[in-house]
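First the structure, in the form of C-alpha cells, and then the observations on it.
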Number of protein chains: 2
Amino acid sequence: MSSKARGAASSRSQDPIRKPLDADAVATAAFELFSRQGYNATSLDQVASALGISKAAIYYHHAGKEAILRHGLDAAMAALESMLQEAVFQSTANPPLDRFAYLVRRGSQIGLAHKATVEVLLRLKGNSEIERSLLKRRRAFDAAAAAILREAVTTGDLQAGSNPTVLASLSIGVINTLVEWYRPDRAIPAGELAEVVVRFVMSGLPRTGTERI
Amino acid sequence: MSSKARGAASSRSQDPIRKPLDADAVATAAFELFSRQGYNATSLDQVASALGISKAAIYYHHAGKEAILRHGLDAAMAALESMLQEAVFQSTANPPLDRFAYLVRRGSQIGLAHKATVEVLLRLKGNSEIERSLLKRRRAFDAAAAAILREAVTTGDLQAGSNPTVLASLSIGVINTLVEWYRPDRAIPAGELAEVVVRFVMSGLPRTGTERI
DNA sequence: GTCTATACCTGGATAGAC
DNA sequence: GTCTATCCAGGTATAGAC
C-alpha cells in the first residue's frame, strides 16, 4: 500500500529508493484500475502514470494489454479452481450441502481477497480469444457447483423438483455481486461477511423463528 | 425479431419495405450490442451495420454515443423507480417483508423484461457525468430497499442484529446476477424464475423439511 | 529497466451532397 | 433520413537512445 501511495503520488523519478517493478506489480496496478473503470475504459497511459513510469516501460514487463489481463486472471482462476477441487473431493461422508456451504464460504473469501481480479473476471464478455478461454473455465466452475446441488437433490437434502443449475447460479451470483459492492472500509469486515453470505444462501433472509443450523 | 434478422443480414438498401428507423429503434439495437459486448467495446460502426445503415445516420437520431446510453438507461431506471414507489408506499398494513418480496419479484420481472438495458445499467462504472448520475439513482434504489429491511428489523420480522444494508445488497445482487446469466431460450421461463428468486431470497436453498410460506 | 518520439489505427464526430 | 468523405483525438504498440 505504501508503494502504491508513492506511485500514485506521481513521477517515480522523485522516489530514489523503491522496489524495482516486476510483472506482478505492473499487473496489480493495472487490475486496480481495470476493476474501478473497466478493462476497455482503462488506457495503458493511466496504468503507467499510476505506477509512475512511462507507457513504453510497461512493454518491458508484458507483451501487451491483453497479456496483462491473462496474467492476472490466470492467477485468480487458478485459486478458485483449486478451491473447487477441495470442495468437490471433500470426504463424501460429508453431505453435499455441507460441501456446497464450504464452496460458498471459500468462494466469498477468495473473491474478497482478490477483489480486483475477480471483479474483472466477472465482467468478461468474450470479446477476444483470451476472454473466451477464461469464460470457459468459469462455466466449468459453475457446472461443478451445480453438480454438487444435483447430488443434494438425489440424496434428498434438497427438495425434489428443485433446479440445481438455477440454484447454483443464484448462489454463485450472490458471491459475484458481493465482490462488486464490497469496500474494505465497510462497517462489516470481510471475514464476517463470508459467514453472512453462507447463511443467506442456505436460509435466505434471517427471519425470526426460523433459526436452522 | 424479423426486423432484426433482416437488419443483421446487412445492407438495408436491399430491403425496400421496412419500418423507418427512429431513436428508439436505434437505441434498442445499440443496447443489444452493449449488453453482449460491453458499452466501451461496442463501436458505432457495429451498431450501424447491425441496423443496416451508416454510422453517420445514427447522428440524425441521437446526439452521440453517450446520448444513446442515456436514452436507454433513463427508461430502464424510470421503470424500476416507479416500481419501487409502489413497493414502498404499499399499504403499511402489509408487513415489511411482504413489501420486500414484492420488490424482489417485480424487480426480477422488470430486469428480465428489459434484460439488455438493465445489464448495461449494472455494469456502469461512473466513467462520465452521465454514468455517475445513473449510478446515483441506482444507489437511491438500494437505499430504499434497505430501508424496508430496516423497518423489518424494528418490527421484529427480521432477526435483531441483522444488517439491513448488507442483506438488501445481497438480495438485490441476486436479481442483478440473474439478469446476467439468464437467456430466454432457457429451460425455465422468465415468469417462473421470478418466483424461484423470491423463494431463494426469503428462504435460501430449498432444503427438505424447511417449507415456510 | 526506463525514457522520448513516433508510427499506425480505430473510433467518435462533423460537413455537405442527395 | 441516409449517404460518402473526412477530420481529429486517443490508444496500442514499436524503435532506439540512455
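In the text below, chain A, chain B and the rest are named by the order of the sequence lines, each starting its count at 1. For the numbers below, each heavy atom of this structure counts, side chains included, while hydrogens, waters and symmetry mates do not.
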### Task
Mind running side-chain contact (heavy atoms from CB on, under 4.5 Å) on B:H114 and B:T117 for me, showing each step along the way?
CA-CA 6 Å; B:H114 302 7; B:T117 40; 3.3 Å; yes
From [atom1] of [X] over to [atom2] of [N], roughly how many Å is that when rounded to an integer?
{"X": "B:L51", "N": "D:dT2", "atom1": "CG", "atom2": "P", "answer": "9 Å"}
{"X": "A:D45", "N": "C:dC3", "atom1": "CG", "atom2": "C1'", "answer": "14 Å"}
{"X": "B:Q46", "N": "C:dG12", "atom1": "CD", "atom2": "P", "answer": "9 Å"}
{"X": "B:L44", "N": "C:dT10", "atom1": "CG", "atom2": "C1'", "answer": "12 Å"}
{"X": "B:N40", "N": "D:dG10", "atom1": "CG", "atom2": "P", "answer": "15 Å"}
{"X": "B:Q37", "N": "C:dG11", "atom1": "CD", "atom2": "P", "answer": "11 Å"}

### Task
Would you indicate whether A:R70, at its atom CZ, is surrounded by more than 12 heavy atoms from other residues, nucleotides or ligands within a distance under 6.0 Å?
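It does not: A:R70 CZ has 12 such atoms or fewer within range.
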Of all the choices, [options], which nucleotide is nearest to the side chain of [X] once you look at every atom?
{"X": "A:Y59", "options": "C:dG12, D:dG1, D:dA13", "answer": "D:dA13"}
{"X": "A:H61", "options": "C:dT2, C:dG12, D:dT12", "answer": "C:dT2"}
{"X": "A:I53", "options": "C:dG11, C:dC3, D:dT12", "answer": "C:dC3"}

#### Entry: B:H62 side chain near C:dA13 phosphate (N/O to OP1/OP2, under 4.0 Å)
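No, because none of the side-chain N or O atoms of B:H62 sits under 4.0 Å from OP1 or OP2 of C:dA13.
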#### Entry: OP1 or OP2 of C:dT2 under 4.0 Å from side-chain N/O of A:Y60
no
### Query
Hey, does B:S54 reach any base, or is it just sugar-phosphate, or nothing, if we go heavy atoms under 4.0 Å?
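If one applies the 4.0 Å heavy-atom cut-off, B:S54 turns out to touch a base.
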### Query
Is the shortest heavy-atom distance from the side chain of B:V201 to the side chain of B:I175 under 4.5 Å?
no
### Query
Can a cation-pi geometry be assigned to A:K65 and A:Y39, taking NZ or CZ under 6.0 Å from the six-membered ring centre and within 45° of the ring axis?
yes
### Task
Establish whether the base of C:dG11 is bridged to the side chain of B:K55 by a donor-acceptor pair shorter than 3.5 Å.
no
### Query
When you match A:A56 and A:A41 each to their closest nucleotide on DNA chain D, which lands nearer the 5' end?
A:A41
### Query
Do B:E180 and A:R123 sit within salt-bridge range, that is, some charged N less than 4.0 Å from a carboxylate O?
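Salt bridge between B:E180 and A:R123, a charged N being under 4.0 Å from a carboxylate O: no.
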